[in-house]
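Below is one structure, written out as structure tokens, with a few remarks after it.
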Protein chains: 2
Amino acid sequence: MNIYDVSKKANVSIATVSRVLNGNPNVSDKTRAKVLAVMEQLGYTPNVFARGLGLNTMRTIGIMCSDSSDLYLANAIYYLERDLRSNGYDAILCCTGYELETKQKYFDLLCSKRVDAIILAGSKFVEMKPRDNTYILDAAAKIPIMLVNGYLEGENIYSTVCDDQAAVYQAASRLIQSGHKKLLYVYTSTSYSGSNKLQGFKNALADAGLPLLPEYIRQCRKDITAAKELFFSLKKEGLEFDAVIASDDSLAAGAVKYANTAGISIPEELSIVGYNNSILSLCSDPELTSIDSKVEALCTTTVNTLMGVFSGGNVPSRTTIAADLIKRETTNF
Amino acid sequence: MNIYDVSKKANVSIATVSRVLNGNPNVSDKTRAKVLAVMEQLGYTPNVFARGLGLNTMRTIGIMCSDSSDLYLANAIYYLERDLRSNGYDAILCCTGYELETKQKYFDLLCSKRVDAIILAGSKFVEMKPRDNTYILDAAAKIPIMLVNGYLEGENIYSTVCDDQAAVYQAASRLIQSGHKKLLYVYTSTSYSGSNKLQGFKNALADAGLPLLPEYIRQCRKDITAAKELFFSLKKEGLEFDAVIASDDSLAAGAVKYANTAGISIPEELSIVGYNNSILSLCSDPELTSIDSKVEALCTTTVNTLMGVFSGGNVPSRTTIAADLIKRETTNF
DNA sequence: GCAATCAATGTAAGTGCTTACAATTATTCT
DNA sequence: AGAATAATTGTAAGCACTTACATTGATTGC
């Protein structure tokens, strides 16, 4: 069953069938209707390979993420796929893990699959050393590269980022305004968004005239139990803190567990602000005040931008979206 | 840059180049090395479209799930993609939502994309009414259909399921053995695995000679807060229960929150068993005893089975994997 | 009424690969 | 050495589509 069968049955040439297939306007309404009817009758589906060969596109976008089971990324994937599909594109998923080498390998793989663009979901793709990003720049020479919550400068590279810095600044400022003096900042990684968040924290302290003490900035892996233990050990080493801002809800959830088992009341004795407004913020008890990083808006904007790129429009290479501070039970502002 | 460029530069025919590309053994080591060297030198990548046209396969598998941001499915997607990729296959993701019509539409779409198989992740794809599954059976006439944690009988349809019934049976029996008399079962949906879980619960009660009271079997949507409220309202209507078995961790997490705020001690006064061993079981305080439904094993088996189907092996149409009962703080057995 | 224009359709040459079959070269056997 | 056989390699015909260009037929202007 191919285009010849249709053309024969409809008494037209294959070119006409192809035109109908591609919505070419140079077909009379009568023949178009006839061809469509035959296609329907025969249950004809065009062969995507032959089509791809001719058009050199498969209407498929590669989505790369480090780990689709991460709460944040799982959401991003959902929204990206949804919005791509509503624009008539498929999504090939590629979970790369965290090794630079693997990322590069999968990048090549997606390129060789002739995807029409690659979306990098999450801030884990832009490396510190510029030369480690050359593989992205190289790919951008062929197809558009879209960063969701990451930023890289370059031709044919487009970023949509959340204003993490402003969000953390706001959260920290509010905590300071409501009387907190010893803010502890815990973070998981130093990616693009990670360093922005930290900068927001530092700026808030500076603007409020509070000292910036290195022991109040701590790293911890993204793990509730590990975070809980970290807080206990900080307590043990005598560090006093009346508020915690975490770069991820899992760390904030650890803080809640720490306070609950240590008999510290939330938010009276300890205020906690999480990040990402994930399911963990609702599972924690009390529920976490958390910064919503607007995944859906980020993804929708990314896809819209990409469609703009495809249609040759003049498109901003960077879009910033404001985060939302979701007030729940772990703060009293 | 195509196969002709390579053949010219290597002084061989395109057929030989193609043979090298496809690992055909009928090429002398010398020419193989020469061709590979030229490919490397030219940075040649075969065109997947042309390849697909000839081979009629793209080495791509469609993964369908209702919602990739669901904790369980996010994990499944991760493992499926990983294992497919390690077998040289790409994964096209398709989040269908819960409408039957949408599922059918996306099914057709994936088929028309000429994927080599479709994996249905999660038990939401097999409908109650057999005629609503005909679209799956139709697709199975063309390509293998793999069900992860769902079961449907049919030619070219393969299922990998978790023994949910045995798992719930075991959990309920242990609770009964350790002195519980009033077990409450809460569930979210009546899918294939949903009804198996419930059956396990019923069997455990029956085998222990406990009465099966309908008010002890309740439905609730997959939402921590909704679950918490459900327990409060049950309490209010006077229902007494000393143990809760939930078909999902989110419901169990709701039970924990209920008990914490109602001042009911866990597990002394109330034991709780969750399902899926998700991040919620670690976020809850106390941590949830939960049934691990072995997503990774399920996914790996599914992919292995699929590879078996591709290689024409004789493959079981149904594989069952045992669940694990992970003991944590919400039970004392 | 006839040339000029335009719309609709058809022809045929790609697109880059696979593979059956033919041709060539190398190896073995007598 | 020469025939028979085996191992390589090449030729050419698909695969199912797109599209530039050619052709046909209809419409318009004068």
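Each chain gets a letter, A, B and so on, in the order its sequence line appears, and its residues count up from 1.
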For a quick check of understanding: with a heavy-atom distance under 4.0 Å over all strands, which category does A/Phe49 fall into, base, sugar-phosphate or nothing? nothing
For the pair A/Ile145 and A/Ile118, evaluate side-chain contact (heavy atoms from CB on, under 4.5 Å) and give the outcome as yes or no after the intermediate values. CA-CA 5 Å; A/Ile145 306 294; A/Ile118 292 181; 4.0 Å; yes
Please report the distance, rounded to the nearest Å, between [atom1] in [X] and [atom2] in [N].
X	N	atom1	atom2	value
B/Arg51	D/dA16	CZ	P	18 Å
A/Tyr44	D/dA16	OH	C1'	7 Å
B/Asp5	C/dT15	CG	C1'	13 Å
B/Asn56	C/dT19	CG	C1'	14 Å
B/Ile3	D/dC15	CD1	C1'	14 Å
A/Lys113	C/dC17	NZ	C1'	15 Å
A/Asp29	C/dA7	CG	C1'	12 Å
A/Arg19	C/dT11	CZ	P	11 Å

Can the ring centroids of A/Phe107 and A/Phe125 be said to lie less than 6.0 angstrom from one another? no
Expected output: side-chain B/Asn75 to main-chain A/Ser69 donor-acceptor under 3.5 Å: no
Backbone N/O of A/Asp5 and side chain of A/Asn2: donor-acceptor pair under 3.5 Å: yes
Starting from the 5' end of DNA chain D, give me the residue, B/Val27 or B/Gly54, whose nearest nucleotide shows up first. B/Val27
Of B/Ala50 and B/Ser13, whose nearest nucleotide on DNA chain D comes first from the 5' end? B/Ser13
Looking at [options], which one has an atom nearest to any side-chain atom of [X]?
X	options	value
B/Pro46	C/dT9, C/dC17, D/dC17	C/dC17
B/Ser18	D/dT9, D/dT18, C/dT18	C/dT18
A/Asn2	C/dT18, C/dG10, D/dC17	D/dC17
A/Asn26	C/dT9, D/dT19, C/dC17	C/dT9
B/Tyr4	C/dA20, C/dG10, C/dC17	C/dC17
B/Leu53	D/dT9, D/dA16, C/dT19	D/dA16
A/Asn22	C/dA20, D/dC17, D/dT18	D/dT18
A/Leu55	D/dG10, C/dT11, D/dT19	D/dT19
A/Ile14	C/dT19, D/dT18, C/dG10	D/dT18
A/Asn47	C/dT9, D/dC17, C/dT18	D/dC17

For a quick test of reading the model: is some side-chain N or O of A/Thr31 closer than 4.0 Å to OP1 or OP2 of C/dA8? no
Under-4.0 Å side-chain N/O to phosphate OP1/OP2 contact, B/Ser28 with D/dT9: yes
Side chains of B/Asp83 and B/Thr300: is there a donor and an acceptor less than 3.5 Å apart? yes
Under 4.0 Å between a Lys/Arg side-chain N and an Asp/Glu carboxylate O for A/Glu101 and A/Lys105? no
Of B/Met1 and A/Asn11, the one whose closest DNA chain C nucleotide lies more 5': A/Asn11
